[in-house]
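Here the structure is laid out as C-alpha cells; the discussion comes afterwards.
Quick caveat, the model's predicted, so the values are computed rather than measured.
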Amino acid sequence: MAKKILIIRFSSIGDIVLTTPVIRCLRKQLPDAEIHFLTKQAYKTIVASNPYIDKIHTLGDSFELMLHELKTEEYDCIIDLHHNLRTLRIKRFLKNVKAFSFNKLNVEKFIYTNFKINTLPKKHIVDRNLETVASLGIVNDGLGLDYFIPEEDKIKIKDLPAAHSLGYIAIVIGAALATKKLPLRKLKELCAAIKHPVILLGDKDDYIDGKIIAAPDEIKIYNACGKFNLNESADILRGAKLVITHDTGLMHIAAALQKPIISVWGNTVPAFGMYPYYGKSSTQHYDVIEINKLWYRPCSKIGYDKCPKGHFKCMELIAVNEIVNIVNMQLGK
C-alpha cells in the first residue's frame, strides 16, 4: 500500500479544481496515506485550505531546487494528473517511485479539432482523473468537486452594494482566451435584459470591460472584476442565486460550490469532458448555451486571442434572449 503519495497538477484554476475528487477519495479511502500536492506557486491558494492535503509543494523560480526537495520526501507513489514534459522530468528524477499518469487523449483532441471527428470517450474528465488511481483501489465517491474558502476570505455584507444584499446573479465575464468569451456588446445586452441585481466577476484585465457593461445601471450591475482575490470571488459565487459563466476556472468553482450554472460555450465544447460537474449524488442542474452544427467548431482544445476564421460565429450567433429566458425560468420570474 502507498504510504506517501505525491499528486501533480501545475495549472490552471479549473484543472486543479477538477483534481479535487482524486485528493478527497485518496484521503478517505487510504486514510493512513500521507498526501502531498505539487502545483505552481501562482495556484497554491486553490488547494491551500484543502483539509485532505498534508503538504503542498510549489514550483517557483528553481525547478532544480524543487526536484531535490521532492527527492527528500521519499514517496511511494506519484499521481501525475498533468502529464507533460515537466512531470516526465520529475518522474525520471524520482526514478524508483512508481508513477500513475493521466491520459490526456491529445491524439483524440487533435482529430476532433482538426477533422471534426469525435472519438473522445463520453466521460467527464473527473472520472478520467479517477481512472488514474483505479489500480490503487480508489473509486468515485460521487460527491463532486471541492473548493474550500478560508474564513479570512469570506465576503462580509459591507463588501457588496446594498442593492445586492437580498440576492444577485453572478456573471463571469472573463476567460483565459478571447474565443471563450461573449463579445462585449452581447454581455452589455445580457446584463441590461436581466431584471435582477448582477455582480460581474473577472480579473484585473476584465475591469475596463466590466466598467463598460455596468455603466448603464451601476446600481443594478456591480463591477467586481479585479477587486477581489480568487477565494473572495469564489465566496461571491457561493452567495449567488445563479451563475452565468464562460468555460472558465470560475465555472468549475461554481460547480464545486453546488451553484446552478448557465454555461456559455464558444470555440471549446462540453464534449471535451470539462462541463460543470456536481457529482453523482447531487440534484443540482446546469444549462449549456452553444451553437451546434458549426462545421469549424471546436477549432481548438484551449482557445485563441481572436477567431481564426474572422467571423466568431460560435459566439456571435448566441441569442441573448435564450440566456435571459433560462434566467427567468430558474428564478421563477
Side-chain angles (χ1 to χ4, degrees), residues 14 112-113 116 118 167-202 206 208-217 220-223 225 237 240-252 254-255 259-272 274-276 284-333:
Y112 195 10
T113 55
K116 309 308 178 239
N118 184 7
Y168 55 86
I169 295 170
I171 301 183
V172 181
I173 67 168
L177 292 160
T179 53
K180 286 186 170 186
K181 299 193 292 188
L182 279 166
L184 182 58
R185 60 180 178 78
K186 282 189 174 282
L187 286 167
K188 286 178 64 178
E189 182 185 347
L190 173 63
C191 290
I194 290 174
K195 306 303 181 186
H196 300 272
V198 168
I199 294 182
L200 305 178
L201 290 174
D206 301 306
I208 297 301
D209 283 352
K211 190 173 182 180
I212 293 169
I213 294 165
D217 190 345
K220 183 183 81 170
I221 307 168
Y222 174 54
N223 178 21
C225 296
L237 291 175
K241 292 181 178 179
L242 174 67
V243 178
I244 302 172
T245 176
H246 303 119
D247 174 17
T248 68
L250 287 181
M251 177 183 76
H252 298 299
K259 306 307 296 185
I261 294 170
I262 301 174
S263 59
V264 182
W265 298 75
N267 78 287
T268 57
V269 293
F272 285 149
M274 298 181 72
Y275 45 88
Q284 194 50 270
H285 174 76
Y286 71 91
D287 290 279
V288 170
I289 302 292
E290 63 178 332
I291 303 300
N292 290 307
K293 299 181 180 178
L294 293 178
W295 68 265
Y296 36 78
R297 182 174 176 265
C299 61
S300 165
K301 65 180 181 180
I302 300 173
Y304 297 103
D305 290 329
K306 62 180 181 179
C307 174
K309 298 292 182 183
H311 49 61
F312 202 25
K313 286 185 178 179
C314 62
M315 282 296 194
E316 290 288 357
L317 293 177
I318 286 177
V320 167
N321 68 300
E322 182 182 355
I323 303 174
V324 175
N325 288 341
I326 295 173
V327 169
N328 293 337
M329 183 173 62
Q330 288 267 22
L331 299 184
K333 294 183 180 180

Practice prompt. Verify side chain to side chain contact (heavy atoms under 4.5 Å, CB included) between Leu177 and Asp305, making sure each step is shown before the conclusion.
Written response: CA-CA 5 Å; Leu177 292 160; Asp305 290 329; 3.3 Å; yes

Item to complete: I would like to know whether Ile194 and Ile171 meet side chain to side chain contact (heavy atoms under 4.5 Å, CB included); could you show each step before the answer?
Response: CA-CA 11 Å; Ile194 290 174; Ile171 301 183; 3.9 Å; yes

Worksheet entry | Residues Asn267, Lys180; criterion side chain to side chain contact (heavy atoms under 4.5 Å, CB included); working and verdict | CA-CA 6 Å; Asn267 78 287; Lys180 286 186 170 186; 3.9 Å; yes

Fill in: Criterion side chain to side chain contact (heavy atoms under 4.5 Å, CB included) on Val172 and His246, from CA distance to verdict
CA-CA 7 Å; Val172 181; His246 303 119; 5.5 Å; no

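Between the CG atom of Asn223 and the CG atom of Leu200 there is a distance of 5.5 Å, given to the nearest 0.5 Å. Distance check: Lys313 NZ to Ile291 CD1 gives 11.0 Å after rounding to the nearest 0.5 Å. Residue Glu290 holds its CD atom at 10.5 Å from CE of Met315, rounded to the nearest 0.5 Å. For the atom pair CG (Asp287) and CG (Leu242), the distance works out to 8.5 Å, reported to the nearest 0.5 Å. Expressed to the nearest 0.5 Å, how far NZ of Lys309 lies from OH of Tyr304 amounts to 9.5 Å. Atom CD1 in Ile221 sits 11.0 Å away from atom CD1 in Ile169 (nearest 0.5 Å).
Val243 places none of its side-chain heavy atoms less than 4.5 Å from the side chain of Met251. Side-chain contact between Ile302 and Thr268 is absent, with no heavy atoms from C-beta onward closer than 4.5 Å. Thr245 places none of its side-chain heavy atoms less than 4.5 Å from the side chain of Leu237. Between Cys225 and Ile173, some side-chain heavy-atom pair lies under the 4.5 Å cut-off. By the 4.5 Å heavy-atom criterion applied to side chains, Lys241 and Gln330 are not counted as neighbours. Residues Ile323 and Ile318 have side chains in contact (heavy-atom distance under 4.5 Å, counting atoms from C-beta outward). Inter-residue side-chain proximity for Asn118 and Val269 is flagged as unmet; no heavy-atom pair is nearer than 4.5 Å. Contact check for Cys299 versus Thr179: no side-chain heavy atoms found under the 4.5 Å cut-off.
Of all non-hydrogen atoms in Tyr286 and Val288, the two that sit nearest each other are CE1-CG2, 3.5 Å. Nearest heavy atoms, Lys186 versus Glu316: CE-O, 3.0 Å. Smallest separation of non-hydrogen atoms from Gly174 and Lys181: C-CD, 3.7 Å. A pairwise comparison of heavy atoms in His196 and Lys220 identifies O-CG, 3.4 Å as the closest pair. Summarising the geometry of Pro270 relative to Arg297, their closest heavy-atom pair is CD-NH2, 4.5 Å, with the distance given to 0.1 Å. Residues Phe272 and Ser300 come closest through the heavy atom pair CE1-O, 3.6 Å.
Ring-plane geometry between Tyr296 and His311 is classed as tilted, the angle between the planes lying from 30 to 60 degrees on a 0 to 90 degree scale.
Counted within 6.0 Å of NZ on Lys211, heavy atoms from surrounding residues, nucleotides or ligands total 12 or fewer; the atom is thus considered open. Counting non-hydrogen atoms of neighbouring residues, nucleotides and ligands closer than 6.0 angstrom, the NZ atom of Lys188 reaches no more than 12 such neighbours.
For Ser263 (side chain) and Ile244 (main-chain N/O), no donor-acceptor pair under 3.5 Å exists by modelled atom type.
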